Protein chains: 2
Amino acid sequence: MKVSVSKEDHLKAIFHLQQEHGTVTTNALAASLGTRAASVTDMLKKLKEQKLVNYERYKGFKLNNEGKKAAVQIIRKHRLWEYFLVKKLQFGWDEVHEIAEELEHISSRKLIDRLDAFLGHPDTDPHGDPIPDSQGRLQVRRQVSLAELPLNKPAQVSGIASQTSEMLELLQYNHIRLGTRLEIRKKFPFDHSLEVKVRNRPPVTLSAQVAKNVLVTDDEPPTEKR
Amino acid sequence: MKVSVSKEDHLKAIFHLQQEHGTVTTNALAASLGTRAASVTDMLKKLKEQKLVNYERYKGFKLNNEGKKAAVQIIRKHRLWEYFLVKKLQFGWDEVHEIAEELEHISSRKLIDRLDAFLGHPDTDPHGDPIPDSQGRLQVRRQVSLAELPLNKPAQVSGIASQTSEMLELLQYNHIRLGTRLEIRKKFPFDHSLEVKVRNRPPVTLSAQVAKNVLVTDDEPPTEKR
DNA sequence: TTTTAATTTTAGATTTGTCTAAAATTAATT
DNA sequence: AATTAATTTTAGACAAATCTAAAATTAAAA
């Protein structure tokens with residue numbers, strides 16, 4: 001069966017893509033959503049109609065202010081639910097994405113604000129991504145990928161860029177998770193793989209592909225309260 | 001826009017209707033769901049295909065064992081979410097239905113079992129309806145006549161013993177019907193008449209004769225543990 | 001700058017879920 | 001028992017969301 005991809009899914013995906021590339025292309029969005037270019041074009045017309053996106057045919061597109069606000073509200077819902085699942089229902093941080101993907105479509109605004117209060121207004125979700133507050137303010141944090149981290153510079157894992165369950169499993173296996181303090185002991189130019197040292201553990205080797213997707217800060221760990 | 005009514009909505013509605021009437025008719029289900037008879041017939045064919053319902057065209061229909069199991073799981077989800085909303089997020093008992101209606105469509109079984117444990121395996125939802133356990137066992141409730149109901153014990157009208165039109169007219173006049181939640185505020189020993197309070201209404205007085213013929217299930221305040 | 005390639009859009013086909021109106025069946029009334 | 005009424009089903013219309021394939025446009029290469 002052809003699975004329907006909602007307006008909300010489009011907004012969220014555009015938001016993430018435009019963070020990386022400034023402007024978004026039809027094909028990129030289609031790939032990200034697992035749909036076809038033609039379907040994306042159809043949706044773009046609707047989003048333009050609703051004044052959520054700046055779009056001229058054949059030129060790319062990006063969210064306008066209204067669109068960004070809407071996208072951030074969805075991200076807020078997603079991350080609050082992930083936090084709930086991990087902190088209250090004892091899920092592992094690597095099992096919550098799909099469930100939150102469903103929960104984020106629940107529409108009640110009051111529900112989300114109540115949930116936020118119940119959780120104590122958390123700052124960051126279980127993957128280390130910041131949770132927008134009820135005004136839609138998204139705290140920006142300076143993150144670099146592990147691949148860019150200098151040798152021997154202590155850092156802390158603050159986010160995972162690509163949250164496939166395969167990736168999360170690999171990290172889990174290597175005892176790398178949010179908040180883990182580590183540093184790079186050696187870089188192998190041949191394949192850009194890294195030897196990484198975590199305190200109290202033997203060193204592990206990570207591929208360049210993994211390193212690109214592990215985000216770190218030299219900053220403080222994510223706090224529970226705002 | 002024509003709003004789509006899911007398979008799950010149909011199962012739940014059939015379940016409730018067949019509790020009352022044993023077998024369900026096309027029109028009754030359509031009315032209950034706010035759709036049309038033709039749409040119900042379409043869905044019935046699919047449910048029969050999936051072996052969830054016993055259905056012969058032009059004769060009514062009812063859920064078979066599989067169908068009942070499925071319906072009970074949905075009811076379980078609905079009531080657990082209602083409990084969560086009221087007990088953890090401080091919603092009023094009268095604001096949670098619509099939100100739970102959305103939440104009940106979240107599919108993860110693990111989520112529901114974890115939620116159940118987090119809430120302490122509650123027995124009854126905020127409206128006093130029993131919550132099926134993880135095996136789908138739905139606690140049966142004991143029916144007593146209103147005359148036997150203790151003072152101030154919340155209860156729900158679940159049947160009328162003598163359905164003369166005079167009796168029904170009297171009950172109608174006092175806004176008491178099947179499903180009405182009420183409690184006894186005062187008992188007058190002189191003639192065994194009762195003062196009964198229905199939510200959002202002024203108290204009414206009922207004779208012993210009427211009280212004997214109104215059947216209620218005790219609607220005990222939700223407990224935390226089973 | 002022309003040609004070729006890649007991307008994006010449009011047009012129209014397909015699917016799905018709903019509906020209306022007519023036909024089939026069952027129930028009620030005379 | 002025959003007629004009428006009510007209910008249910010079927011047939012086909014309509015709307016929405018998706019897709020494929022072709023056309024339009026833009027970008028890249030020669």
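Remember, it's a predicted structure, so these values are computed and weren't measured experimentally. Values reported hereafter were calculated over all heavy atoms of this structure, with side chains retained and with hydrogens, waters and symmetry mates removed.
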Novice: Give every pair of a protein N or O atom and an N or O atom of nucleotides 21-26 of chain C that lie under 3.5 Å apart, one pair per line with the distance.
Specialist:
from   : atom 1 : to      : atom 2 : distance (Å)
C:dA24 : N3     : B:Tyr58 : OH     : 3.3

Novice: Checking A:Glu102 side chain against B:Ser107 main chain: does a donor-acceptor pair fall under 3.5 Å?
Specialist: yes
Novice: Going through the checks in order, is the side chain to side chain contact (heavy atoms under 4.5 Å, CB included) test met by B:Glu148 and B:Val216?
Specialist: CA-CA 9 Å; B:Glu148 306 162 78; B:Val216 300; over 6 Å; no
Novice: Look at A:Lys77 together with A:Asp116 and state whether they make a salt bridge at an N to O cut-off of under 4.0 Å.
Specialist: no
Novice: Given atom CZ of B:Phe61 and atom C1' of D:dT9, what is their separation to the nearest angstrom?
Specialist: 12 Å
Novice: Is any side-chain nitrogen or oxygen of A:Asn27 closer than 4.0 Å to OP1 or OP2 of C:dA6?
Specialist: no
Novice: Is there a side-chain contact between A:Thr41 and the phosphate of C:dT10, meaning an N or O under 4.0 Å from OP1 or OP2?
Specialist: no
Novice: For the residue pair B:Asp9 / B:Ser6, report whether a side-chain donor-acceptor contact shorter than 3.5 Å exists.
Specialist: yes
Novice: Nearest whole angstrom, please: distance from the P of C:dT18 to the NZ of B:Lys7.
Specialist: 14 Å
Novice: Expressed in angstrom and rounded to an integer, what is the separation of B:Leu44 atom CG from C:dT18 atom P?
Specialist: 13 Å
Novice: May I ask you to say whether B:Lys46 pairs ionically with B:Glu49, meaning some side-chain N is under 4.0 Å from a carboxylate O?
Specialist: no
Novice: On DNA chain D, nearest-nucleotide positions of B:Glu56 versus A:Ala37: which is more 5'?
Specialist: B:Glu56
Novice: Nearest-Å distance, NZ (A:Lys46) to P (D:dA15)?
Specialist: 15 Å
Novice: Fit a plane to each ring of A:Phe61 and A:Tyr55, take the angle between them on a 0 to 90° scale, and name the class: parallel (under 30°), tilted (30 to 60°) or perpendicular (over 60°).
Specialist: perpendicular
Novice: Assign B:Lys45 to base, sugar-phosphate, or nothing according to its heavy-atom contacts below 4.0 angstrom with the strands shown.
Specialist: sugar-phosphate
Novice: With distance as the sole test, does B:Glu183 use its side chain to make a donor-acceptor pair with the main-chain N or O of B:Val196 at under 3.5 Å?
Specialist: no
Novice: With the side chain of A:Asp42 defined as its heavy atoms from C-beta on, choose the nearest nucleotide among D:dT18, C:dT9, D:dT20.
Specialist: D:dT18
Novice: What is the distance, to the nearest angstrom, from the NZ atom on B:Lys48 to the P atom on D:dT9?
Specialist: 11 Å
Novice: In terms of the angle between their ring planes, are B:His78 and B:His97 parallel, tilted or perpendicular, with boundaries placed at 30° and 60°?
Specialist: tilted
Novice: Looking only at side-chain N and O atoms, does A:Thr25 come under 4.0 Å of OP1 or OP2 in C:dT7?
Specialist: no
Novice: Taking only heavy atoms on the protein side, list every residue of residues 9-21 of chain B lying under 4.0 Å from any atom of DNA chain D, sorted numerically.
Specialist: none
Novice: In this structure, how many angstroms lie between the P atom of C:dT9 and the CG atom of A:Leu29, rounded?
Specialist: 11 Å
Novice: Please classify the nucleic acid contact of B:Val5 as base, sugar-phosphate, or nothing, using heavy-atom distances under 4.0 Å.
Specialist: sugar-phosphate
Novice: Tell me: CE of A:Met43 to P of C:dT10, nearest whole Å?
Specialist: 16 Å
Novice: OP1 or OP2 of D:dT18 less than 4.0 angstrom from a side-chain nitrogen or oxygen of A:Thr35, does that happen here?
Specialist: no
Novice: Classify A:Ser39 by what it touches in the nucleic acid, base, sugar-phosphate, or nothing, heavy-atom distance under 4.0 Å.
Specialist: base
Novice: Give a yes/no answer on whether the side chain of B:Arg36 brings an N or O atom under 4.0 Å of OP1 or OP2 in C:dT20.
Specialist: yes
Novice: Does this structure show an ion pair linking A:Lys12 with A:Glu101, if we count only N-O contacts that are shorter than 4.0 Å?
Specialist: yes
Novice: Quick one: is the NZ or CZ of B:Lys88 closer than 6.0 Å to the six-membered ring centre of B:Phe118, and within 45° of its axis?
Specialist: yes
